[in-house]
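In this text, all values refer to a predicted model and were calculated from it rather than measured experimentally.
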Amino acid sequence: MSTSKVEVLFDTPMLLGECPVWHPEESALYWIDIAGTAVHRFVPGTGAHNSWALPSEPGCIARCASGGLIVAMRSGLAMLDTRSGGLRHVADAPYDSTRIRFNDGRCDAAGRLWTGTLYDPRDQPGGSLYCIERGTIRDAGKPVTVSNGVAFSIDNRTLYHTDTTAHRIMAYDFDLATGSVANGRVFKQFSTDKSHNYGGRPDGAAVDSENAYWCAMYEGGRLLRLAPSGEVLQEISLPIRCPTMIAFGGDDLRTLYITTVSNKRPADELAAHPLSGYVLSLRVDVPGRIETPYVA
């Protein structure tokens with residue numbers, strides 16, 4: 001297991017940090033605090049910080065080709081104007097919002113936003129994966145309990161999708177032209193045995209410029225870099241137990257930003273890991289890729 005110099009990006013911890021998104025034109029990092037119902041923006045070069053309160057928990061964000069952000073919240077989809085702070089409703093949630101909410105998501109190379117859902121009772125695969133295309137929401141029909149890890153291979157022929165509760169990452173054949181998803185197979189299955197050398201469960205992810213899949217291992221205190229075969233290429237230990245998602249950023253796309261959790265974590269864990277909840281960063285050898293914005 002390798003270790004890298006980990007730095008704190010922003011000096012205030014989040015309750016449930018998630019979905020970091022690098023904005024190359026602004027040289028800024030956006031992320032959400034799900035439990036804090038807010039979107040945050042930080043410019044590493046200047047230290048400038050902004051935040052926007054939301055009416056319900058956000059699950060993911062993506063920058064929009066037309067400006068601002070699309071926000072997938074428990075209550076539905078909205079466009080956030082990051083200049084005025086205005087929030088414009090786009091679509092209602094396609095599920096029972098008393099038990100389900102949107103979670104992790106990412107855009108494909110055609111500008112569709114793929115975001116899954118989290119089933120709050122956590123006792124069955126009551127969530128799914130949705131495709132959002134120009135404001136229209138389509139259920140892709142991939143049942144999960146807690147959806148995470150959405151990412152796409154460099155050739156746009158593979159869609160990765162994680163069920164964190166099942167400790168499983170799936171890979172699907174993906175057709176960029178039509179947005180169809182088929183032929184699922186297990187990309188990586190992790191042990192669910194928490195009694196012996198538990199390594200955590202896969203959460204948010206990103207694909208780098210060499211087509212390797214990086215995933216945050218929740219309750220495992222580590223990041224994994226996986227080959228397209230599923231082989232572990234690199235493991236990085238972190239000074240926190242619960243990383244949630246990662247994003248490549250910086251001018252050379254070699255800074256890895258990591259969101260983490262403090263909310264509802266045990267007191268002894270927070271005492272042992274005082275950086276829990278902070279947005280962290282570290283430098284990596286292989287750069288990431290600029291993520292495609294959502295096309296409204």
Side-chain angles (χ1 to χ4, degrees), residues 15-19 32-35 37 54-62 70-78 90-108 112-133 135-152 158-174 179-190 192 200-206 213 215-219 242-246 259 261 263-264 294:
L15 295 174
L16 177 46
E18 258 285 9
C19 202
I32 57 175
D33 185 345
I34 296 176
T37 59
L54 299 171
S56 69
E57 304 104 305
C60 73
I61 54 174
I70 183 169
V71 186
M73 297 180 289
R74 181 186 289 273
S75 57
L77 301 177
V90 174
D92 293 332
Y95 47 71
D96 177 1
S97 61
T98 65
R99 297 188 301 165
I100 300 172
R101 67 165 172 81
F102 279 125
N103 205 39
D104 173 297
R106 185 179 305 280
C107 291
D108 66 24
R112 308 178 188 93
L113 176 62
W114 293 79
T115 175
T117 51
L118 177 155
Y119 182 67
D120 273 336
R122 313 288 178 98
D123 58 0
Q124 61 178 299
S128 190
L129 179 64
Y130 291 87
C131 174
I132 300 165
E133 186 169 9
T136 299
I137 305 174
R138 168 172 60 88
D139 189 345
K142 307 302 175 191
V144 291
T145 303
V146 176
S147 174
N148 270 307
V150 177
F152 298 89
T158 301
L159 181 153
Y160 297 100
H161 183 219
T162 292
D163 186 343
T164 297
T165 302
H167 294 58
R168 181 182 305 121
I169 306 171
M170 297 292 291
Y172 295 91
D173 291 344
F174 180 64
S180 64
V181 181
N183 301 324
R185 62 269 186 198
V186 175
F187 173 64
K188 192 73 174 179
Q189 176 69 58
F190 296 91
T192 60
R201 48 196 181 274
D203 204 314
Y213 181 93
C215 67
M217 296 298 292
Y218 191 88
E219 289 191 338
C242 295
T244 57
M245 193 172 176
I246 52 182
T259 47
V261 176
N263 190 43
K264 299 181 180 179
Y294 174 72

In Å, rounded to the nearest 0.5 Å, how long is the span from [atom1] of [X] to [atom2] of [Y]?
X	Y	atom1	atom2	answer
H161	Y172	NE2	OH	7.0 Å
L118	I100	CG	CD1	9.0 Å
Y294	L113	OH	CG	7.0 Å
C107	E133	SG	CD	11.0 Å
R106	L159	CZ	CG	10.5 Å
C215	M245	SG	CE	12.0 Å

I need the minimum non-hydrogen distance between [X] and [Y], along with the two atoms involved.
X	Y	result
P58	I34	O-CG1, 3.1 Å
D139	G141	OD1-N, 2.8 Å
A35	L15	CB-CB, 3.8 Å
G184	M170	C-CE, 3.8 Å
S147	G116	OG-CA, 3.1 Å
T117	G127	OG1-CA, 3.2 Å

Could you tell me whether a side-chain N or O of [X] sits under 3.5 Å from a main-chain N or O of [Y], the two making a donor and an acceptor?
X	Y	answer
T37	P55	no
R138	G179	yes
T244	T259	yes

Any non-hydrogen side-chain atom of [X] less than 4.5 Å from a side-chain atom of [Y]?
X	Y	answer
Y213	K188	no
E18	D203	yes
I169	F190	yes

Side-chain donor-acceptor pair under 3.5 Å between R101 and N103, yes or no?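 The criterion, which ignores hydrogens and geometry beyond distance, is satisfied for N103 and R101.
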side-chain hydrogen bond (donor to acceptor under 3.5 Å, both in side chains) involving T164 - partner list, sequence neighbours excluded: N148
Does T145 have any side-chain hydrogen bond (donor to acceptor under 3.5 Å, both in side chains) partners at least two apart in sequence or in another chain, and if so, which?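 Per chain and number, T145 pairs via side-chain hydrogen bond (donor to acceptor under 3.5 Å, both in side chains) with no residue.
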Sole residue of F174, F102, Y160 in ring pair (Phe, Tyr, Trp, His ring centres under 6.0 Å) with W114: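 The passing option is F174.
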Please assess L54 against V71 for the test side-chain contact (heavy atoms from CB on, under 4.5 Å), listing each intermediate value before the final yes or no. CA-CA 9 Å; L54 299 171; V71 186; 4.0 Å; yes
Test T115 against I132 for side-chain contact (heavy atoms from CB on, under 4.5 Å), laying out the working first. CA-CA 8 Å; T115 175; I132 300 165; 3.5 Å; yes
Got a sec, which pairs hit salt bridge (charged side-chain N to carboxylate O under 4.0 Å, His left out) with one end in residues 118-129, sequence neighbours left out?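 Salt bridge (charged side-chain N to carboxylate O under 4.0 Å, His left out) check on residues 118-129 returns R74-D120.
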